Visitor: 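Structure incoming, see below.
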There are 2 protein chains.
Amino acid sequence: MDINSDAHTQHISQQFNAELEEVRNSLLAMGGSVEKQVSDAVRALIDADSELGKQVRKNDDQINAMELTIDEECARILARRQPAASDLRLVIACSKMSTDLERIGDEAAKIAGHAIELTEEGEAPKGYIETRHIGARVRRMVQESLTAFARFDTEMALRVAQEDKSVDLEYQSAMRELVTFMMEDPRSITRVLNIMWVLRSLERIGDHARNIAEHVIYLVKGTDVRHIGLKRMKEEVLEK
Amino acid sequence: MDINSDAHTQHISQQFNAELEEVRNSLLAMGGSVEKQVSDAVRALIDADSELGKQVRKNDDQINAMELTIDEECARILARRQPAASDLRLVIACSKMSTDLERIGDEAAKIAGHAIELTEEGEAPKGYIETRHIGARVRRMVQESLTAFARFDTEMALRVAQEDKSVDLEYQSAMRELVTFMMEDPRSITRVLNIMWVLRSLERIGDHARNIAEHVIYLVKGTDVRHIGLKRMKEEVLEK
């Protein structure tokens with residue numbers, strides 16, 4: 001009887017672990033898709049490839065569906081398994097991260113929309129180098145925040161948060177240049193505005209990557225590091 | 001012994017209800033503060049009141065702290081009480097809604113920043129009527145999404161979601177007018193851009209109010225109505 005009961009407990013626990021692993025894998029799969037969306041959206045803009053832009057917008061439905069699936073999986077685990085401690089934090093973090101990934105997907109779809117508009121209206125006279133550069137940086141932030149999650153690597157998560165601050169500075173400087181350009185060449189306003197919206201979306205994607213990184217730190221360390229500033233975040237991550 | 005045990009169970013259950021009530025009240029309190037932030041930020045812009053703008057930016061710290069408190073309360077309830085069914089959905093929804101409220105707070109702080117800039121640079125030549133109008137509409141959306149939550153009123157939540165679509169249209173039309181104005185008067189570009197960013201923030205606030213409304217429907221009906229479109233959302237809400 002004891003043996004049976006042990007076997008039963010073990011079976012439950014294996015199933016539980018399998019479910020946690022599944023939600024973790026779903027989140028990583030969603031992250032991979034979202035990262036590709038960001039990369040494709042920027043490429044659609046740079047290459048004036050409106051077909052690719054349309055594809056990105058179409059794929060957004062799949063991203064949205066992935067968010068719902070992950071949230072369902074999380075709710076099911078909470079209801080049936082009543083996880084505690086680090087298991088609970090994993091579920092909470094996944095549920096929060098799915099929201100950030102979905103929003104990154106939204107921003108990618110917006111970028112794709114501007115890419116399509118610019119293909120139709122003719123290229124903007126300025127801003128492509130900045131878009132390519134900031135685009136590559138935030139795509140890498142998304143990638144690294146997910147790698148940090150996959151490896152429970154808080155130091156990598158910290159680097160993502162630090163990178164966000166530097167991206168914000170580059171974003172602000174690019175925006176100032178574009179405003180100056182607009183004033184000198186008012187005929188370009190509509191097209192330059194498209195690039196400005198794209199940069200704004202990229203900057204938001206960086207914010208969401210930072211959010212994901214903060215959830216990774218919460219999940220591993222048990223400390224909520226949102227809103228505490230980079231200095232204290234670093235102390236939390238590096239303390240033993 | 002039985003009586004003691006019953007009393008104990010009842011005590012636990014009362015405590016549990018008190019905790020759920022507490023997180024609900026915390027969320028409503030945060031909602032009230034956020035709503036005031038939106039209203040003050042718009043007023044700072046309209047009245048060119050940079051002191052009020054600075055106050056809004058300062059208050060954002062309190063909003064952020066409220067988010068952390070609510071998420072802590074939710075995590076504690078999940079860990080200790082292992083809620084099921086509608087109690088679980090309430091906790092999940094509160095945790096998601098706290099994120100939306102915090103983002104609304106962020107947008108209000110951004111609006112306040114633009115209000116301060118405009119006070120320093122001199123008024124924009126256009127866009128105040130639109131800002132006042134769209135600002136009042138999204139503030140009402142935030143308010144109604146919270147009332148829908150307080151009363152578990154899915155029909156009111158549905159109206160918020162429907163309103164979001166109409167606000168988006170008004171936003172797009174205001175943006176087009178501002179672009180036209182910029183092209184006619186390039187010297188106004190910097191100031192008009194400030195108004196455009198404000199309108200963009202207001203539009204985002206409307207999106208978040210809609211998210212909150214969708215969480216209310218999930219919490220009451222048990223159905224996740226995100227990404228399904230207004231028509232199917234209406235069917236979900238109105239079906240018995």
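Just so it is clear, the model here is predicted, and its values are computed rather than measured. The basis for the numbers below is simple: all heavy atoms, side chains too, and nothing from hydrogens, waters or symmetry mates. Naming: A, B, ... by sequence-line order, numbering from 1 per chain.
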Visitor: Are any of the side-chain nitrogens in R103(B) or E107(B) under 4.0 Å away from the carboxylate oxygens of its partner?
Guide: no
Visitor: Measure D61(B) against the heavy atoms of chain A and call it side chain, backbone, both or neither at under 4.5 Å.
Guide: neither
Visitor: State, yes or no, whether a side-chain contact exists between I212(B) and V142(B) at a heavy-atom distance under 4.5 Å.
Guide: no
Visitor: Which label fits H114(B) and W197(B): parallel for a plane angle under 30°, tilted from 30 to 60°, or perpendicular past 60°?
Guide: parallel
Visitor: Among residues 67-80 of chain B, which residues come closer than 4.5 Å to chain A, judged by heavy atom distances?
Guide: E67(B), L68(B), D71(B), A75(B), L78(B), A79(B)
Visitor: Whether the side chain of S13(A) engages the backbone of T9(A) through a donor-acceptor N/O pair (distance < 3.5 Å, no angle test) should be reported.
Guide: no
Visitor: Please assess R24(A) against E21(A) for the test salt bridge (charged side-chain N to carboxylate O under 4.0 Å, His left out), listing each intermediate value before the final yes or no.
Guide: CA-CA 5 Å; R24(A) 203 166 146 259; E21(A) 194 57 27; 3.3 Å; yes
Visitor: Under 4.5 Å from any heavy atom of chain B, what part of R89(A) do you find: side chain, backbone, both or neither?
Guide: neither
Visitor: Does K221(A) reach the main-chain N or O of T154(A) with its side chain, forming a donor-acceptor pair under 3.5 Å?
Guide: no
Visitor: Heavy-atom cut-off 4.5 Å, strictly under: side chain, backbone, both or neither for D100(A) against chain B?
Guide: side chain
Visitor: Quick one: does any side-chain atom of S33(B) pair with a main-chain N or O of A29(B) as donor and acceptor, under 3.5 Å?
Guide: yes
Visitor: Write out, in numerical order, the residues from residues 174-187 of chain A with a heavy atom short of 4.5 Å from a heavy atom in chain B.
Guide: M175(A), V179(A), M182(A), M183(A), P186(A)
Visitor: Using a strict cut-off of less than 4.0 Å between a Lys/Arg side-chain nitrogen and an Asp/Glu carboxylate oxygen, indicate whether E214(A) and R210(A) qualify as a salt bridge.
Guide: yes
Visitor: Heavy-atom distance under 4.5 Å between the side chains of Q172(B) and E203(B), does that happen here?
Guide: no
Visitor: As an exercise: rank I189(B), T99(B), L193(B), L88(B) by heavy-atom pairs under 4.5 Å with chain A and give me the winner.
Guide: I189(B)
Visitor: May I ask you to test the R191(A)-K126(A) pair for a side-chain heavy-atom distance under 4.5 Å?
Guide: no
Visitor: Return yes if some donor-acceptor pair links the side-chain N/O of T119(B) with the main-chain N/O of A115(B) below 3.5 Å, else return no.
Guide: yes
Visitor: Hey, does R200(A) have a side-chain heavy atom less than 4.5 Å from the side chain of Y171(A)?
Guide: yes
Visitor: Let me know if S95(A) has heavy atoms under 4.5 Å from chain B in its side chain, its backbone, both or neither.
Guide: both
Visitor: What part of R204(A) is in contact with chain B, defined as an atom under 4.5 angstrom from a non-hydrogen atom: side chain, backbone, both or neither?
Guide: side chain
